[in-house]
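Everything below concerns the one structure shown next.
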2 protein chains.
Amino acid sequence: MDSGKDTAPIDLDIRPILAAKGIPFTRQRRDVWRYFLDSERAATIPEAVEDLAPRGIGQATVYRTVTLLAELGLLHRVQDRAGEVCYTAIRVGHRHPLICGECRRVVGFSGNNDLSELQRRLESETGFSIYGHHLEVYGICPECQARGIDL
Amino acid sequence: MDSGKDTAPIDLDIRPILAAKGIPFTRQRRDVWRYFLDSERAATIPEAVEDLAPRGIGQATVYRTVTLLAELGLLHRVQDRAGEVCYTAIRVGHRHPLICGECRRVVGFSGNNDLSELQRRLESETGFSIYGHHLEVYGICPECQARGIDL
DNA sequence: CCATATGTGAGAACTATTATCGCCTTGTGT
DNA sequence: ACACAAGGCGATAATAGTTCTCACATATGG
């Protein structure tokens, strides 16, 4: 429940979100969601499969659920320095991930509104109808720096 | 062999880039690069494999070359609305892709310097040592809108 | 508590990606 | 231009990742 580190005590309860779309709230979906929510670092699907197997959650279910959550905008797809595709839970509000390319630790931050300004500029310049954006910032976290890992 | 003296002017000549790293410039590498450069839309690797096969370029070579070009920062990895991972050629300068989530048409734009400001802010707030960022803007291009595709 | 629709797990099937290995091309020195 | 050494190339095999199928279990509404 209490994962509050920073300011917002954001333990996002997905039950109402699923209910609003008529999607049943199952133990497996709750566990997969909490797996990503409780972890501070992004995980690949195979990793999630392995970690969730002891809880009796099947491989196919992890794939299905991660895809579902990503479609609902609850998980964010990122990649580490090796190019591995990982997923990380997204918090409420308009937040973006700052990812350690080495250990995949993820810290969320709020984008300023420069982006909506940019978005408007692009819409008028290109005629595109913009539905979203993806901003990911990559770096090396303090702990990995302390381990001697450099840019 | 049809690889005659094709001295046509290329937008971005990667030969010096490869030469600087001691990487041989082969016909296949040129063709793969031009495939992405000439196309306005992002393509998946399997698509590139299929399109380049008639030119006698093998599957393994496409994988190798796309990986190489991506590592050199010449190709950018993006994804469409269906979550398909695609690649698109990157132009010189600090540019970001504006991608049509439907047809994958890609238009580059220059990011403003708000991002470097944001980057500095994040470095001091989080202690991360930041090495880069990824900004992708997604929308529906005018042509797809004209086709009746909506957000 | 029952009925019904839907999600789930195990494994098969399929697709994508990487490794292997002789042959061939590129780049360099003469 | 020519030859040689280094390394890339294509075809195939092997592996890894993802999706599909179906009998069964579980969540939701009455």
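A, B, ... follow the sequence lines: proteins, then strands. Residue 1 opens every chain.
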Calculate the interatomic distance between [X] atom [atom1] and [N] atom [atom2]; express it in whole Å.
X     : N      : atom1 : atom2 : result
B:F25 : D:dG8  : CZ    : C1'   : 14 Å
A:K21 : D:dT28 : NZ    : P     : 17 Å
A:R55 : C:dG9  : CZ    : C1'   : 17 Å
A:I23 : D:dT28 : CD1   : P     : 12 Å
B:L18 : C:dT26 : CG    : P     : 14 Å
A:L68 : C:dT6  : CG    : C1'   : 13 Å
B:E47 : C:dA16 : CD    : P     : 10 Å
B:R30 : D:dC9  : CZ    : C1'   : 15 Å

Between [X] (side chain) and [Y] (backbone), is there a donor-acceptor pair under 3.5 Å?
X      : Y      : result
B:R95  : B:S110 : no
A:R105 : A:C144 : no
A:Q145 : B:G127 : yes

Taking A:E125 first and then A:R120, would you say they form a salt bridge - that is, a charged N and a carboxylate O separated by under 4.0 Å?
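Salt bridge absent between A:E125 and A:R120.
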Distance check: side-chain N/O of [X] vs OP1/OP2 of [N], anything under 4.0 Å?
X     : N     : answer
A:Q28 : C:dG9 : yes
A:R29 : C:dG7 : yes
A:T61 : C:dG7 : no
A:T26 : C:dT6 : no

Hydrogens and angles aside, do A:H134 and A:H96 bring a side-chain donor and acceptor to less than 3.5 Å of each other?
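Side chains of A:H134 and A:H96: no pair found under 3.5 Å.
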In sequence, state the C-alpha distance, the side-chain angles, and the governing distance for B:E71 and B:K21, and then conclude on salt bridge (Lys or Arg N to Asp or Glu O under 4.0 Å).
CA-CA 12 Å; B:E71 279 174 356; B:K21 306 232 175 194; over 6 Å; no
Give me the distances for all protein-to-nucleotides 11-19 of chain D N/O pairs that come in under 3.5 Å?
residue: D:dT18; atom: OP2; partner: A:Y63; partner atom: OH; Å: 2.7

Inspect the surroundings of CD in B:E50 and state if more than 12 heavy atoms from other residues, nucleotides or ligands are less than 6.0 Å away.
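No, not enclosed.
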